[in-house]
Amino acid sequence: MTGSVHRGARGRAGSPWASPWVIVPVAVGLVVAAVLVAAGNPSGLRFTVPLATAVAAAGVGAGIVALLVLLLRRAVRRAGEVGAASARQEEKAAHHRFLARLDHELKNPLTAIHAAAASVSSTSLADGSGPGSPGSTGAVHLSPVAVIDAQAARMGRLVGDLRKISSLDSQEIEQEPVDVADLTAEVVAALHEELAVTRPARAGTVPGALSDVSVAFPRVPWPLPPVRGDVDLLFVALYNIVSNAVKFSADGAPIEVRGFEEEGAVVVEVADSGAGIPADELSLVWDELARGSNTLGVPGSGLGLATVHAIVRRHGGQAMLTSRLGHGTSVRLRLPTAQPG
């Protein structure tokens, strides 16, 4: 509603008929003509047309020329805007087609790799050469076949996640009131449960296993209004940014999750004091498969923030990120509030 009113007001204010380049020549011509007529000098020059009429015609003609120039400039500008929007839409459609083709082309080879790995693994166990067989040394290690199978599974999940991101722009989503404060509490609780399970394997090897996550949402004098959207998708978006903050923060480092209302929207901010992102890589953080140059050795696919961006965009919101290398990162999700009724 706000956007429509704004565009309408802008259109009236920017009318070419109200431009001084049109009004001034016409007004000057008419004023000079009136002065000449009042002075009683209808034919001061050797024309068959009275001077007053000629001046008035010249003023009107200059105004018409100025109007045509303004209309031409506006038409050129609008054509450029339409062309740019069309190019963006075509680029997005081409991107979606590429991801769909990638999924289609890789699905059969990955299935074949899985099947071949399973077959080779079964053969190894049958002839006593596989790990855990009577003839094995009992050492715990991954065979080359297991590595192939694991990497094929990882690639399959990666392609599947890319497909999901691509389909978010077109798929129907739930539209129900969502309490962001309650949802964030669920996200943090789920993250704590995950860390409780994975902590023995991660402690000392992956930063963030013991990070301290605090949550602050206003309750008085009134709580935040609900947003409208798909609660499952919003859970994924919030989980990704909170888990990212944990992953890239040192053990015990504070992580703050806070929410506030801002001009018809609820904003959720997740701030950490982790490694930060190099300044020249900030423009790439929302791209698929993008990973920072300082994240080597930290598990991840590079799809977390891309998924967040797609989900928030699908809900008509904005995702913003600021970061300082060596100081930390702040991610803000801005979601429109649910309209009454």
Asks: So which heavy atom on E176 is nearest to which on V231, and how close?
Replies: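 Scanning both residues, the minimum pair turns out to be OE2-CG1, 3.7 Å.
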Asks: Take V268 and L238 through the side chain to side chain contact (heavy atoms under 4.5 Å, CB included) test and state the conclusion after the steps.
Replies: CA-CA 9 Å; V268 180; L238 289 169; 3.8 Å; yes
Asks: Would a hydrophobic clustering, with Ile, Leu, Val, Met, Phe, Trp and Tyr connected at side-chain separations under 4.5 Å, put V267 with V227?
Replies: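 No, it is not one cluster - the side chains of V267 and V227 are not joined through contacts under 4.5 Å.
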Asks: Do H315 side-chain atoms and I311 backbone N/O form a donor-acceptor pair below 3.5 Å?
Replies: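 Pair found, side chain donor or acceptor close to backbone of I311.
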Asks: Which heavy atom in W286 sits nearest to a heavy atom in L321, and how many Å separate them?
Replies: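 Result for this residue pair: CZ2-CB, 3.7 Å.
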Asks: Test: side-chain hydrogen bond (donor to acceptor under 3.5 Å, both in side chains). Region: residues 265-285. Which pairs qualify, not counting sequence neighbours?
Replies: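 The answer is R258-E269, E269-S330, E281-S293.
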Asks: Can you check whether D287 reaches L305 side chain to side chain, under 4.5 Å on heavy atoms?
Replies: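 No, their side chains stay 4.5 Å or more apart.
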Asks: Output the distance between atom CD1 (I241) and atom CZ (R332), rounded to the nearest 0.5 Å.
Replies: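 So the gap between those two atoms works out to 11.5 Å.
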Asks: Begin from the C-alpha positions of L335 and L234 and carry the test side chain to side chain contact (heavy atoms under 4.5 Å, CB included) through to its verdict.
Replies: CA-CA 10 Å; L335 299 165; L234 292 175; 4.0 Å; yes
Asks: Verify, without hydrogens or angle tests, whether R334 (side chain) and M320 (backbone) share a donor-acceptor contact under 3.5 angstrom.
Replies: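 Side chain of R334 to backbone of M320, a donor-acceptor pair under 3.5 Å: no, none is there.
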Asks: Can you list the steps and then say if L233 with R314 is a side chain to side chain contact (heavy atoms under 4.5 Å, CB included)?
Replies: CA-CA 10 Å; L233 288 177; R314 187 67 180 83; 5.6 Å; no
Asks: What pair of heavy atoms forms the shortest contact from S243 to L191, and how long is it?
Replies: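 Of all heavy-atom pairs spanning S243 and L191, the closest is CB-CD1, 4.0 Å.
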Asks: Looking only at non-hydrogen atoms, find the nearest pair between D232 and D230 and report the distance.
Replies: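 Closest approach of D232 to D230: N-OD1, 3.0 Å.
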Asks: Minimum heavy-atom separation for T329 and S323, please, with both atom names.
Replies: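 Of all heavy-atom pairs spanning T329 and S323, the closest is OG1-OG, 2.8 Å.
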Asks: Can you confirm whether E262 is buried at CD, in the sense that more than 12 heavy atoms of other residues, nucleotides or ligands lie under 6.0 Å from that atom?
Replies: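 Correct, the count exceeds 12.
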Asks: Is it true that F260 and V178 fall in one hydrophobic cluster, defined by side-chain heavy atoms closer than 4.5 Å?
Replies: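 No: no chain of side-chain contacts under 4.5 Å links F260 to V178.
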Asks: Where do G259 and F217 come nearest, in terms of heavy atoms and distance?
Replies: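 It is CA-CE2, 3.6 Å.
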Asks: Let me know which of L284, T322, L325, L282 forms a side-chain contact (heavy atoms from CB on, under 4.5 Å) with I277.
Replies: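 Of all the options given, the one that passes is L282.
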Asks: What's the separation between atom CZ in R73 and atom CG in L68, rounded to the nearest 0.5 Å?
Replies: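 Answer for the CZ-CG pair, R73 versus L68, is 13.5 Å.
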Asks: Count the heavy atoms belonging to other residues, nucleotides or ligands that lie under 6.0 Å from CZ of R219, then report whether that count exceeds 12.
Replies: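 Correct, the count exceeds 12.
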Asks: Measure the spacing between CG of L71 and CZ of R78 and express it to the nearest 0.5 Å.
Replies: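 Answer rounded to 0.5 Å: 9.0 Å.
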